[in-house]
Amino acid sequence: MLVSGSLDRRAFLELGEAGAGSIRDALTRNGLSPAQFGKVLDFGCGVARVLRHWPAMSGAELHGSDYNARMIEWDQKNLGFAKFALNQSAPPLVHGDET
């Protein structure tokens, strides 16, 4: 409810899949593929509505970051396909430079 404004689980998943598809399509239009990335960071990942669709598109090491501690805690407990970290409203992130 906090993320999508609805309790409709199917709509939540479909919107996330559409978001991931939009990113994939933008990459493709620019001669890139999700499969060529070694690492992916979803900055502002929330509960990984979009990021949860990346394992099917890429073998990349996945990371999510958000300022909402409650969402990051949920991600860390429930989603094993990525590493999740809390970020503040100003730099730095927990990720090193140029990663």
Side-chain angles (χ1 to χ4, degrees):
M1 182 67 155
L2 181 63
V3 173
S4 64
S6 169
L7 294 177
D8 185 342
R9 193 167 51 186
R10 188 174 75 188
F12 173 86
L13 293 172
E14 288 173 354
L15 286 171
E17 185 175 24
S22 292
I23 295 168
R24 181 196 59 235
D25 294 347
L27 289 170
T28 301
R29 282 192 306 273
N30 289 282
L32 301 169
S33 166
Q36 74 188 82
F37 292 94
K39 295 180 182 179
V40 171
L41 170 63
D42 183 350
F43 183 76
C45 67
V47 292
R49 179 175 59 171
V50 173
L51 190 62
R52 70 182 62 228
H53 299 280
W54 273 76
M57 296 190 304
S58 170
E61 181 180 307
L62 302 175
H63 298 264
S65 180
D66 202 284
Y67 74 95
N68 187 315
R70 186 170 151 207
M71 290 187 189
I72 290 298
E73 270 184 40
W74 187 90
D75 291 335
Q76 291 170 335
K77 288 179 184 174
N78 295 286
L79 304 175
F81 61 84
K83 297 176 185 171
F84 295 95
L86 185 66
N87 63 263
Q88 303 303 312
S89 58
L93 295 175
V94 299
H95 308 284
D97 291 347
E98 299 183 37
T99 59

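As the structure is a prediction and not an experimental result, all values here were calculated from the model. For reference, positions follow the sequence shown, starting with 1.
No side-chain donor-acceptor contact under 3.5 Å links E17 to the backbone of H53. The backbone N or O of F81 sits nowhere less than 3.5 Å from a side-chain atom of R52 that would complete a donor-acceptor pair. Counting only distance, with no hydrogens or angles, the side chain of N30 and the backbone of L32 share no donor-acceptor pair below 3.5 Å.
Closest non-hydrogen pair, M57 versus P34, comes out as O-CB, 3.7 Å. Taking all atoms of both residues into account, the shortest heavy-atom contact from F37 to S58 is O-OG, 3.9 Å. Nearest heavy-atom pair, A60 versus V40, reported as atom, atom and distance to 0.1 Å: CB-CG2, 3.9 Å. Contact between D75 and G46 at its shortest, heavy atoms only, is OD2-O, 2.6 Å. For the pair A82 and L51, the tightest heavy-atom approach, listed with the atom from each and the gap, is CB-CD2, 4.1 Å.
Linking ILVMFWY residues whenever their side-chain heavy atoms come closer than 4.5 Å, directly or via other members, leaves V94 and M71 in distinct clusters.
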Does the pair D42 and W54 meet the rule for a side chain to side chain contact (heavy atoms under 4.5 Å, CB included), with working shown? CA-CA 10 Å; D42 183 350; W54 273 76; over 6 Å; no

Determine, stepwise, if the pair D66 / L86 fulfils side chain to side chain contact (heavy atoms under 4.5 Å, CB included). CA-CA 5 Å; D66 202 284; L86 185 66; 5.9 Å; no

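Taking CD of Q88 as the start and OG of S65 as the end, the distance is 9.5 Å to the nearest 0.5 Å.
W74 has its side chain within reach of L79: a pair of non-hydrogen atoms, C-beta onward, lies under 4.5 Å apart. Counting heavy atoms from C-beta on, the side chains of L41 and L93 come closer than 4.5 Å.
Across L62, I72, N68, a single residue satisfies side-chain contact (heavy atoms from CB on, under 4.5 Å) together with C45, and that is I72.
For E14, the salt bridge (Lys or Arg N to Asp or Glu O under 4.0 Å) criterion is met by R10, not counting sequence neighbours.
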